[in-house]
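Data first, discussion second: the structure below is written as C-alpha cells.
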Amino acid sequence: SRTPVREALRALASEGFVEIRNGIGAYVKPLSSKDMEDLYEVRCLLEMQAIKTSIYRISNDEIDDLTRRFQAIYDACEQGDSPAQGEFSELDWELHSLLVDRCTNNYIKEIVAGNNSNLRRYQSLSVNVLGDVHESARQHLEILRVLRSRDLDKLEEVLHAHLMWSANLLRTNFDIDHFKKETVRAVSFFPSIFTKIHGVNMVNNTIDKFLRNSYNMARRHSLYLVA
C-alpha cells in the first residue's frame, strides 16, 4: 500500500524538510531567509534563558574536553591548516546543545528538540557558507572560558555576541537563490532517503526503516520528491 510512503512524507513535512501540495505532490522545502531569521531569534532567546541554570550544571571535565577540542581546531587554523567543516560543525552543535540540555527548564528543552532538524540545517549552513572557522573557534573558546568561571553576566554577554555575529554574517553573506539552486537536489525514494542540503547528507532514520520494505512499491508507482 501507499500508506508507509504517505506517513514518511508526513514525517518529513512535520520536520520542515518537505512541503506537501495537495493534488500535486511532495517537494523538498527550500531554506528561506525568513525561516533563518525566525529560527535564530528563537535560538537566541532559548539559549540565553537556558544558560541561567545550565551554567551551574556543566562539569569542569566537560568544559575542559570541549576546550581541548576547540583549541586544537583554533591552533590548526593558526598554522594555516583547514579543519574539516563537518568536524567543526559537529563540535559547534555539541557545545550549544549542552548549554540547552543541562538547563532545568524542560519546556525549553522540548521546544529546542522539536526544532533541532531545522536548527541544524542553518547551523551547518553557517559553517559552510561563512567558512570563518578560526574566528568562530576563538569565540567558542571564550564562551567556554567564561562558562568555567561561572560568571553568568559575562556568559550572557559573550554568548549573545556570538549568536548575533553568526546570524548577521549568515544574513549578509549568502545568496539564498543561488543556494537553493546549487544545494537542494531532487531526490527519489531508495532504501534510504538522502537529501543533499548545504553539503551535509541528512538521513531520516524514521523514514529509512519502512522505506526498505516499500522500495519496490515506490519504484513501481514512480514516487519522487522534486526540488
Side-chain angles (χ1 to χ4, degrees), residues 30-31 33 36 39-40 43-44 47-48 50-51 54-55 58-102 112 116-151 154-185 192 194-203 205:
L31 301 174
S33 56
M36 182 197 74
L39 277 169
Y40 262 82
R43 176 188 178 186
C44 184
E47 283 195 29
M48 295 300 295
I51 61 172
S54 64
I55 186 175
I58 299 173
S59 71
N60 286 341
D61 287 343
E62 290 172 309
I63 296 170
D64 291 344
D65 176 62
L66 286 166
T67 298
R68 175 184 57 78
R69 292 153 67 193
F70 272 110
Q71 189 67 54
I73 290 176
Y74 180 83
D75 291 343
C77 292
E78 286 280 284
Q79 297 167 11
D81 295 335
S82 298
Q85 290 181 330
E87 175 188 357
F88 182 79
S89 179
E90 288 299 317
L91 186 56
D92 182 3
W93 184 257
E94 185 176 340
L95 171 55
H96 287 280
S97 294
L98 187 63
L99 295 176
V100 172
D101 291 343
R102 294 301 173 82
V112 171
N116 266 350
S117 295
N118 278 317
L119 283 170
R120 292 234 38 183
R121 293 173 81 185
Y122 288 98
Q123 181 264 352
S124 297
L125 172 60
S126 67
V127 172
N128 281 278
V129 171
L130 305 180
D132 197 348
V133 172
H134 184 253
E135 172 59 20
S136 187
R138 185 198 66 77
Q139 292 185 19
H140 283 91
L141 286 169
E142 177 68 4
I143 291 170
L144 288 163
R145 184 190 67 78
V146 176
L147 178 61
R148 204 180 197 288
S149 72
R150 314 300 174 181
D151 185 337
K154 185 63 176 178
L155 181 60
E156 289 177 336
E157 178 186 328
V158 296
L159 179 60
H160 184 266
H162 168 69
L163 292 172
M164 291 302 98
W165 173 83
S166 179
N168 288 334
L169 284 180
L170 185 57
R171 184 184 301 115
T172 58
N173 281 275
F174 83 97
D175 182 331
I176 194 68
D177 292 327
H178 174 74
F179 175 75
K180 287 189 288 186
K181 291 177 183 176
E182 294 300 319
T183 62
V184 182
R185 311 269 181 95
S192 293
F194 290 87
T195 305
K196 187 74 172 177
I197 301 176
H198 51 73
V200 178
N201 283 320
M202 304 191 71
V203 184
N205 293 324

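Please read all numbers here as calculations on a predicted model, not as lab measurements. Numbers here simply count residues along the sequence, with the first being 1.
- Note that the CZ atom of F70 and the CG atom of L91 stand 3.5 Å from one another [nearest 0.5 Å].
- A side-chain donor-acceptor contact under 3.5 Å links E62 to the backbone of S59.
- No side-chain heavy atom of S149 sits under 4.5 Å from any side-chain heavy atom of K154.
- When every heavy atom of A137 is checked against every heavy atom of I73, the shortest pair comes out as CB-CG2, 4.4 Å.
- V133 and C77 make their closest contact through CG1-SG, 4.0 Å (heavy atoms, listed as atom of the first residue, atom of the second, distance).
- The line from OG of S166 to CG of D92 is 7.5 Å long, rounded to the nearest 0.5 Å.
- Using a cut-off of 4.0 Å between Lys/Arg side-chain N and Asp/Glu carboxylate O, R43 and E47 are scored as salt-bridged.
- A salt bridge links R69 to D65: one of the charged nitrogens lies within less than 4.0 Å of a carboxylate oxygen.
- Ring geometry for H96 versus H140: interplanar angle over 60°, hence perpendicular rather than tilted (30 to 60°).
- Residues E135 and W165 have side chains in contact (heavy-atom distance under 4.5 Å, counting atoms from C-beta outward).
- Note that CZ of R150 and CG of L155 are 10.0 Å apart. Values are rounded to the nearest 0.5 Å.
- The two residues H134 and E78 come nearest to each other via the heavy atoms NE2-OE2, 2.6 Å.
- Within the model, atoms CG of L99 and CD of E94 stand 11.0 Å from one another, a figure rounded to the nearest 0.5 Å.
- In terms of heavy-atom proximity, I58 sits nearest to L98 at CG2-CD2, 3.6 Å.
- The line from CG of L147 to CD of E142 is 11.5 Å long, rounded to the nearest 0.5 Å.
- When every heavy atom of D64 is checked against every heavy atom of R148, the shortest pair comes out as OD1-NE, 2.8 Å.
- Looking at Q71 and D75, their side chains do bring a donor and an acceptor atom within 3.5 Å of each other.
- A side-chain contact (heavy atoms from CB on, under 4.5 Å) with V146 is found for exactly one of L159, L141, V158, namely V158.
- Here the OG1 atom belonging to T67 is positioned 14.0 Å from the OH atom belonging to Y74, to the nearest 0.5 angstrom.
- Minimum interatomic distance between I63 and L144 (heavy atoms only, all atoms of both residues): CG2-O, 3.6 Å.
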